[in-house]
There are 2 protein chains.
Amino acid sequence: MRLTKKERQSYLSQAFEQDPFLTDEEVAKKFHVSIQTIRLDRLELGIPELRERIKHMAEKKFDHVQSLSPNEVIGDVIDLQLHKSGISLLEISAEHVFKRNQIARGHILFAQANSLAIALADWKVALTGNASIRFVRPVRLGEKCIAFANVAEAHDSRLHVGVQTKVQEEIVFQGDFEVYRVGDDRGN
Amino acid sequence: MRLTKKERQSYLSQAFEQDPFLTDEEVAKKFHVSIQTIRLDRLELGIPELRERIKHMAEKKFDHVQSLSPNEVIGDVIDLQLHKSGISLLEISAEHVFKRNQIARGHILFAQANSLAIALADWKVALTGNASIRFVRPVRLGEKCIAFANVAEAHDSRLHVGVQTKVQEEIVFQGDFEVYRVGDDRGN
DNA sequence: CTCATTTTAATACCTAGTCCTAAATGCTAG
DNA sequence: CTAGCATTTAGGACTAGGTATTAAAATGAG
């Protein structure tokens, strides 16, 4: 005999979990049963059809993209004087930390400082060239990081920006960024 | 008159970007045109049908969840020899770039290198201390970044890691990371 | 008014299903 | 061996959300 119903259904659940993109037809071939059997199995196991499975995945992803929006700027720029100084605020939330120890990953602090440094430049296309940074002490979940940026040197196509990030007056991160202009566009 | 074809198509692209779950029927009602018109528009604009759009989103999510998990590590670590060397791969996708110019934001490259450097350390809690980095040339949407990390110095609670990121043999990013161990846990 | 563009309509077909009924197997107990 | 049950398979009707094609109607510009 092939497999019992129970055995098949158990493998079935696994299969769909592992690869949600399987059609009933593909699974039917895999298990050498008819497509109807697979459909009865899905019914009993409460596994929705291919299209529904895919849709749910897409919906979840959509939520993420919208809410987390890891896009233009990391941190809220609350003060900005172009080519002079700026301040950015970032509260460390769950998606910023290592799960194991609730410590913010380095590139989050870097991203806040880097975004701020670039925002300081009044150029259409500004990019980071060199940077030298120091993670002074670990930052934990829930802490509010305030990044202070100051322009140390300003040339017409290069900016030297120093950034200090503090949690309650305590320095947690320090960085020097060299931001440069691309192209000859001026103004925003 | 309603809208010209061009106007409608422009709004259409936006609409689908904003809400990829729209059916042609819904859109047709929104714009007060027939369903066929919408389909012609999609054809001309190269916008795939609802199911394909959803499927692509789900596929992306599936890739991400499996490998990137958008949290722990940025980039796919494809080779890793603890306390020695490692290689990580990252294809620059839309969420990594500035919309204006399709150039990858600095902290994405930093994140890839930083994640890799930390992955090299066989410690329960490893954090970045200092880092000195250089963005050699801008990286654009779609380019595949391969980060090569090598341990330059290894102490019992500190690691010096050099990272070079290349796009097709061309160096785009260079960084030196000092990773340190927290606590007295050894092994993983 | 005429011609080209644009829009709408109609039809056949597709996938990956659902839902329902019915028939064919398989297995077990009497 | 056979009645009775679970299990499996088959078939038909219908669905959403399309594609692809052909053709007719509406509209706008010269």
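If you're wondering where the values come from, they're calculated on a predicted model, not measured in any experiment. Residue numbers begin at 1 in each chain, while the letters A, B, ... track the order of the sequences.
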| task | Round to the nearest Å and state the distance from Phe21(A) atom CZ to dT15(C) atom C1'. | result | 16 Å
| message | Just verifying a value: how many Å separate Arg158(A) CZ and Trp123(A) CH2, rounded to the nearest 0.5 Å? | response | 9.0 Å
| task | Hydrophobic side-chain clustering at under 4.5 Å (ILVMFWY, transitive links): who's grouped with Ile35(B)? Put none if nobody. | result | none
| Between atom CD in Glu26(A) and atom C1' in dG17(C), what is the gap in whole Å? | 14 Å
Check the interface with nucleotides 16-18 of chain D: list each N/O to N/O pair with the protein under 3.5 Å, or write none.
residue : atom : partner  : partner atom : Å
dA16(D) : N3   : Arg51(B) : NH2          : 2.9
dG17(D) : O4'  : Arg51(B) : NH2          : 3.2
dG17(D) : N2   : Arg51(B) : NH1          : 3.3
dG17(D) : N3   : Arg51(B) : NH1          : 3.0
dG18(D) : OP1  : Leu50(B) : N            : 2.9
dG18(D) : OP2  : Asp24(B) : N            : 3.0
dG18(D) : O5'  : Asp24(B) : OD2          : 3.4
dG18(D) : O5'  : Arg39(B) : NH2          : 3.4

| message | Without decimals, in angstroms, what is the distance between Leu40(A) CG and dT21(C) P? | response | 14 Å
| query | Are the side chain of Arg53(B) and the backbone N or O of Pro20(B) linked by a donor-acceptor pair below 3.5 Å? | reply | yes
Below 3.5 Å, can you tabulate the donor-acceptor pairs from side chains in residues 9-16 of chain A to any protein atom, sequence neighbours excluded?
residue  : atom : partner  : partner atom : Å
Gln9(A)  : NE2  : Asp41(A) : OD1          : 2.7
Gln9(A)  : NE2  : Glu44(A) : OE1          : 3.1
Ser13(A) : OG   : Gln9(A)  : O            : 3.0

| request: Apply salt bridge (Lys or Arg N to Asp or Glu O under 4.0 Å) to Arg51(B) and list each qualifying residue two or more places apart in sequence or on a separate chain. | output: none
| query | Hey, does the Lys NZ or Arg CZ of Lys166(A) hover above the aromatic six-ring of Phe148(A), less than 6.0 Å from the centre and inside 45° of the axis? | reply | yes
Under 3.5 Å between N/O atoms: give me all the protein pairs with nucleotides 23-26 of chain D, atom names plus distance.
none

| Hey, mind stepping through Asp176(B) and Ser132(B) against side-chain hydrogen bond (donor to acceptor under 3.5 Å, both in side chains) and telling me if it holds? | CA-CA 5 Å; Asp176(B) 287 304; Ser132(B) 168; 5.3 Å; no
| field | d(CZ, Arg8(A); P, dT7(D)) in whole Å | value | 9 Å
| request: Figure out the NZ/C1' separation between Lys5(A) and dA6(D), and round it to whole Å. | output: 7 Å
| task | With DNA chain C as reference, determine whether Ile47(A) or Ser34(B) sits nearer its 5' end, using the nearest nucleotide of each. | result | Ser34(B)
| task | List for me each residue that meets ring-ring contact (aromatic ring centres under 6.0 Å, His included) alongside Phe177(B), sequence neighbours excluded, and say none if there are none. | result | Phe110(B)
| request: Determine the contact category for Ile35(B): base if any of its heavy atoms lies under 4.0 Å from a base atom, sugar-phosphate if only primed atoms, P, OP1 or OP2 are that close, otherwise nothing. | output: nothing
| said: What is the separation between atom CD on Gln36(A) and atom P on dG12(D), rounded to the nearest whole Å? | reply: 12 Å
| said: Just the rounded figure in Å: distance from P of dA16(C) to CD1 of Ile38(A). | reply: 15 Å
| message | Using a 3.5 Å distance criterion without hydrogens, assess whether the side chain of Gln112(A) forms a donor-acceptor pair with backbone atoms of Cys145(A). | response | yes
| Any side-chain N or O of Thr37(B) under 4.0 Å from OP1/OP2 of dT7(C)? | no
